[in-house]
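One structure below.
So you know, we letter chains A, B, ... as the sequences are listed, proteins then strands, and number each from 1. When reading the values below, keep in mind they use all heavy atoms of this one structure, side chains included, and skip hydrogens, waters and symmetry mates.
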Amino acid sequence: MEYNFKAIEKKWQQYWEKNKTFKTPDDTTNPKKCYVLDMFPYPSGAGLHVGHPEGYTATDIYSRFKRMKGFNVLHTMGWDAFGLPAEQYAIQTGTHPSVTTNKNCDTFRRQIKGLGLSYDWDREINTTDPKYFRWTQWIFIRLYNTWFDEKLQKGRPVNELTIPDEIKSQGDKEIRKYVDSRRLAYYDNAQVWYCPSCRIVCANEEVLNDGSHEKCGNQVEKKYLKQWMLRIPLYAERLLKGIDDLNWPEGIKEMQRNWIGRSTGAEVDFSIEGLDEKLTVFTTRPDTLFGATYMVIAPEHQLVDQITTGNRQKQVEEYIRLSALKSDLDRTDLAKEKTGVFTGRYAINPVNNTRIPIWVADYVLTGYGTGAIMAVPAHDTRDFEFAKKFGLPVICIQDPDVEDAEKRSAILEGNECWTEDGRYINSASQANGIDINGLNKEAGIARITQWLESNNLGKAKVNYKLRDWLFSRQRYWGEPFPVIHWEDGEISVIDENELPLQLPSLEKYMPGVSGESPLANAGEWLNVTDTNGRRGRRETNTMPQWAGSCWYYLRFIDPHNDNAIFDSAKEKYWMPVDLYIGGAEHAVLHLLYSRFWHKVLFDLGIVSTDEPYQRLFNQGMILAFAYENETGAKIPVDQVTEKDGKHYNTETGDELRQIVAKMSKSLKNVVNPDDVTEKYGADSLRLYEMFMGPLDVMKPWDDRNVKGVFNFIGRTYRFFSDPENITGGEEDIEILKGLHRTIRKVEEDIESLKLNTAISEMMIFLNLVYKKGKVTAETARAFTLILSPFAPHLGEEIWQILGHDRSLAHEPWPEVNPEYLKVDTIEYPVSFNGKMRFKIDLPAGMGKDEIEKAVLSDSRSDKWTGGSKPLKVVVVPGKIVNVVVKPS
RNA sequence: GCCCGGAUGGCGGAAUUGGUAGACGCGCUGGUCUCAAACACCAGUGGCAGCGAUGCUGUGCCGGUUCGAUCCCGGCUCCGGGUACCA
């Protein structure tokens, strides 16, 4: 009988839903627990594409497997539903974003349910639901009320902050200022890109090279707006150290480390000629101080105006004006040609009291270090380029460790830059009592740093690339901040009992004037008065999309709790997440932000683990075929026809080349899972997604290959649904051996997420079953069980046919019997000079000498040995025999 | 530029990380079933030579280490991703 996947899949999906088969167990006494999490999707209007089910299927297989292994499994799905598209649609049509969002969620839910994924749907969450974002706001209040104790490397409540006496004596306002300067969340001016025509703030990537807005083409401008910021760099060290013990892909760990960007060096103070100010620089190479020939400050540096001398004012102002107009992309594009101007003033090098000029250049960034550098052109490539361009002196202070004499003299003469190790020269000052000549880099850095510290000219310093996190958006469709700005300038967060602070309904969703969010038009909602009659205005910014996704894994633990963010006992039981699967595009930001929040919650005693995600796995992107012509122009898929394996443009008749590319609307090569389930069923989609190749690599989708797994499903069904094929009595020994090898392989492969080879092993077993023609009921049961995590509808159906009246979802996983894995003979490949020539069956326990004897006495050896004694025989028991003979 | 991946049949991909290269699947070829086709089932399938046994050759290219290299080392080519002057 043919497999009617449509009817059968529907039947089991209804069964699971009705019987709540995948309800998370309430009992928290089972020591075996497994929290399996997918990165929850943003429900876009386009619906699911085949990339989504890749990760979801992998976690589903893992979850189903763990349930059968006796684990309590928490496996859930939800929606990261705040986001710009719904808001833009609202601006155009007036439809409330929640309407659009809910519609999209319904589509996603319907599509995902059609894949037979074993989520506990009773725990579905939605970040836009006030019952959810109430707790996002609650966490924000926690962040606001936390400071970071650097000594303990720990976040603590602000009421535990000791106020220095000198601050106390200055009164309440100063105390408040002091406390605010320590909070993890603070409110301050931050520079953003603003498009006056769209009246919105744009992200960096929306600003094009020429400084125009991607969407409307008008010029954007830089603007300072009051923003909420989070002091994530305070946690840099903790975030960095925490990475080491995580079971994450090495590449992702490395990316996070680079993003945090720890570098050690020193801060050095330079005095400025004719000014009573110090110019502090950060350098990783304090050892090269003797080679500093000029200094550079960023155009935004605080001291620019003071440093610039009267006669240079015009040029400097012009330079600053021009660099302010550049977008970030623009600054980078100009990377090849460095620009800058001289300020007219000199600094004094503390090691040798030399006068060195101070320049302004935008290759120095305000956001990193102190926004000023000492330039050592002889030993820094960027400084070298700059010095060459502007004719600044290059003084070599390090005799390089190079063999090449020509290169060495070029470096010594200052014609080439050297950044590696070497012995110092020209690096001593008797007057200042410092001499590092002859030392190498490591010793030099140590000596100079020590000297700087003891002379009060600088100190050792660790710097991080990680910057404060800009945590507000000028949007409507996000979590409102639970914050009030009072008329006297005080800022306060609202009482927790008043949460959630809901979004007001608006007539229009157009942004407010001069960069304010649409909430600026919210009328009554905006205004508040406290019991003393003091008036205030609500925060009009909203939180970024990261906010909801930063902690959703915690809410899944106890999603309907209205009294607390979650129950602590439940949190203790389920955390940490045991397996987290999602795309590598979230490698840095989402995972870093989320770890940051988690650590704060940990410090405050709200969660029980220091890290949220124990094991992380990134699925690779699924690509699709696309076509390009001779010139490399891409042709949309609907304009391509295939003939005899070649591809032609339907309009021009040109032959096209098949390439592999990202799925995109413009290429019209997006594969919709609905089409696949319609034609082959959900089990085929699941199996194909897993069978395509390793989970973590990019792979091209090829519809034709779906047939392979579809056939496998049909073959499985036809065989096991036919009572003729199921026998009583003793099982065939080859079947038994094959079965147990398959169980073991599938088990191991699920653990290591090598799901492609698990499937091929099951195919091998099925081929054996077909060859044998009959199996016992016991074999049929075992095979059905191990197949069921991959193809659950098929599994349940066969399970029922085999005589069971309940779902197999909680049946125990078949035990591997090691008896059947034993081998008594080994087929040794015998090679001569490394080339395999024949195979010989030998008993498994045979010793080296005996194997050698058996091989050499085999008549087939004579041909290669020529009858004479071989030079050498290498025997690797259990593996191979290699005979070395004189080449003829 | 830098960092990280990768390159294996006509195609997607296997190979216990130094031990039989090409598992499994697609495609293709042949056979059985059928009036015929589709489905299904069985067999074959890296290339070259040969009726065949078999031989030669073969994991992007060049070289090295080793009894033995897809795997390790050195040097290249190409492809993909990330990143952007981080002092």
Side-chain angles (χ1 to χ4, degrees), chain A residues 2 249-252 254-255 258-259 261-263 265 281-285 288 296 298 328-329 331-336 338 361-365 367-376 380-383 385-386 463-467 584-585 587-588 620-621 623 625 645 658 660-662 687-688 691-694 696-712 714-715 718 745 748 754 756-764 766-767 770-771 827-839 863 870-876 878-885:
Chain A
E2 274 313 299
E250 272 315 310
I252 302 292
E254 203 49 36
M255 280 167 82
N258 292 341
W259 193 265
R262 183 184 205 270
S263 65
V281 301
F282 172 72
T283 174
T284 53
R285 294 293 305 274
T288 58
V296 186
D328 280 11
L329 276 169
R331 270 201 187 185
T332 10
D333 260 15
L334 291 176
K336 280 138 212 146
K338 296 208 185 318
D362 63 9
Y363 82 90
V364 172
L365 310 172
Y368 184 77
T370 61
I373 62 158
M374 64 179 208
V376 185
D380 180 287
T381 4
R382 286 158 310 168
D383 297 345
E385 275 173 44
F386 191 84
N463 240 319
Y464 301 93
K465 276 201 268 185
L466 190 61
R467 292 186 216 170
E585 63 273 21
V588 179
M621 201 186 303
L623 307 172
F625 291 127
Q658 190 182 56
V660 165
K662 277 187 198 180
L687 276 176
Y688 177 59
F691 188 64
M692 289 171 83
D696 56 349
V697 306
M698 290 197 180
K699 333 164 248 283
W701 181 275
D702 188 349
D703 257 326
R704 286 170 305 192
N705 283 337
V706 181
K707 246 186 111 176
V709 292
F710 180 72
N711 287 345
F712 170 67
R715 271 162 73 82
R718 277 192 302 277
K745 176 79 175 155
E748 284 172 1
K754 286 156 74 177
N756 52 332
T757 50
I759 294 168
S760 64
E761 196 67 25
M762 291 188 283
M763 288 174 166
I764 293 170
L766 187 70
N767 289 344
Y770 262 79
K771 197 173 252 168
E827 190 183 46
Y828 279 94
V830 178
S831 40
F832 291 82
N833 291 347
K835 283 205 181 79
M836 209 282 288
R837 296 303 180 181
F838 62 86
K839 290 170 189 172
K863 183 172 174 187
L871 299 172
K872 188 176 177 181
V873 180
V874 182
V875 178
V876 184
K879 289 258 160 129
I880 198 176
V881 179
N882 187 25
V883 184
V884 187
V885 295

Taking C-beta and beyond as the side chain, do [X] and [Y] meet within less than 4.5 Å on heavy atoms?
X	Y	answer
A/Lys745	A/Thr757	yes
A/Asp383	A/Ile373	yes
A/Ser831	A/Asn882	yes
A/Phe710	A/Leu687	no
A/Met836	A/Ile880	no
A/Asp702	A/Met692	no
A/Arg285	A/Asp380	no
A/Val884	A/Asn833	yes

What's the gap between [N] and [M] when it is taken at their [atom1] atoms, as a whole Å value?
N	M	atom1	value
B/G5	B/C86	C1'	24 Å
B/C26	B/A40	P	9 Å
B/G22	B/U54	P	15 Å
B/C79	B/U8	C1'	15 Å
B/U65	B/C71	C1'	14 Å
B/C3	B/G55	P	47 Å
B/G1	B/A21	C1'	38 Å
B/G60	B/G9	C1'	15 Å

Would you mind classifying the nucleic acid contact of A/Thr370 as base, sugar-phosphate or nothing, using non-hydrogen atoms under 4.0 angstrom?
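Touches nothing.
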By the 4.0 Å heavy-atom rule, please label A/Met255 as base, sugar-phosphate, or nothing.
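Touches sugar-phosphate only.
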Apply the syn/anti split at 90° from 0 to B/U77 and say which one it is.
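Anti conformation for B/U77.
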If anything within 90° of 0 is syn and all else is anti, what is B/G31?
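B/G31: anti glycosidic orientation.
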Using 30° and 60° as the class boundaries, would you call the ring planes of A/Phe838 and A/Phe832 parallel, tilted or perpendicular?
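A/Phe838 vs A/Phe832 ring planes: tilted.
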Does A/Tyr828 use its side chain to pair, donor to acceptor, with the backbone of A/Gly878 at less than 3.5 Å?
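Present.
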Do any N or O atoms from the side chain of A/Tyr368 and from the backbone of A/Arg467 form a donor-acceptor pair under 3.5 angstrom?
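No, because the side chain of A/Tyr368 does not come within donor-acceptor range (under 3.5 Å) of the backbone of A/Arg467.
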Whom does [N] pair with, Watson-Crick or G-U wobble, provided both distances fall under 3.5 Å?
N	value
B/G50	none
B/A7	B/U77
B/G27	B/U45
B/A21	none
B/C86	none
B/A15	none
B/A69	none
B/C33	none

Over how many whole Å does the gap from [X] atom [atom1] to [N] atom [atom2] extend?
X	N	atom1	atom2	value
A/Lys465	B/A87	NZ	P	7 Å
A/Asn833	B/G68	CG	C1'	10 Å
A/Arg718	B/C41	CZ	C1'	9 Å
A/Phe625	B/C11	CZ	C1'	7 Å
A/Asp702	B/G10	CG	P	17 Å
A/Leu365	B/C85	CG	P	6 Å
A/Tyr770	B/A43	OH	P	13 Å
A/Asn258	B/C3	CG	P	11 Å

Name the pairs: protein N/O against N/O of nucleotides 16-20 of chain B, kept only if under 3.5 Å.
unit_1	atom_1	unit_2	atom_2	d
B/U20	O2	A/Lys839	NZ	2.8

Which residue lies more 5' along RNA chain B, comparing A/Val884 with A/Thr283 via nearest heavy atoms:
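Nearest-nucleotide comparison on RNA chain B picks A/Val884.
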If you find the nucleotide of RNA chain B closest to A/Lys699 and the one closest to A/Arg467, which residue's nucleotide is nearer the 5' end?
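Checking each residue's closest nucleotide, the 5'-ward one belongs to A/Lys699.
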A/Tyr363 six-ring centre to A/Arg382 NZ/CZ under 6.0 Å and within 45° of normal:
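Judged by the rule (NZ or CZ under 6.0 Å from the ring centre, within 45° of its axis), A/Arg382 is not positioned above A/Tyr363.
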Heavy-atom closest pair, residues A/Trp259 and A/Lys465:
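In terms of heavy atoms, the two residues are closest at O-CB, 3.8 Å.
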Give the minimum heavy-atom separation between A/Ala361 and A/Phe386, together with the two atoms involved.
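Of all heavy-atom pairs spanning A/Ala361 and A/Phe386, the closest is CB-CE1, 3.8 Å.
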Listing time: all N or O pairs from protein to nucleotides 54-60 of chain B that are below 3.5 Å?
unit_1	atom_1	unit_2	atom_2	d
B/C56	OP2	A/Arg837	NH1	2.9

Quick one: which protein N/O atoms are closer than 3.5 Å to N/O atoms of nucleotides 22-25 of chain B? Pair and distance per line, please.
unit_1	atom_1	unit_2	atom_2	d
B/G25	OP1	A/Asn767	ND2	3.2

Between A/Thr284 and B/C86, does any side-chain N or O lie under 4.0 Å from OP1 or OP2?
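No, outside the criterion.
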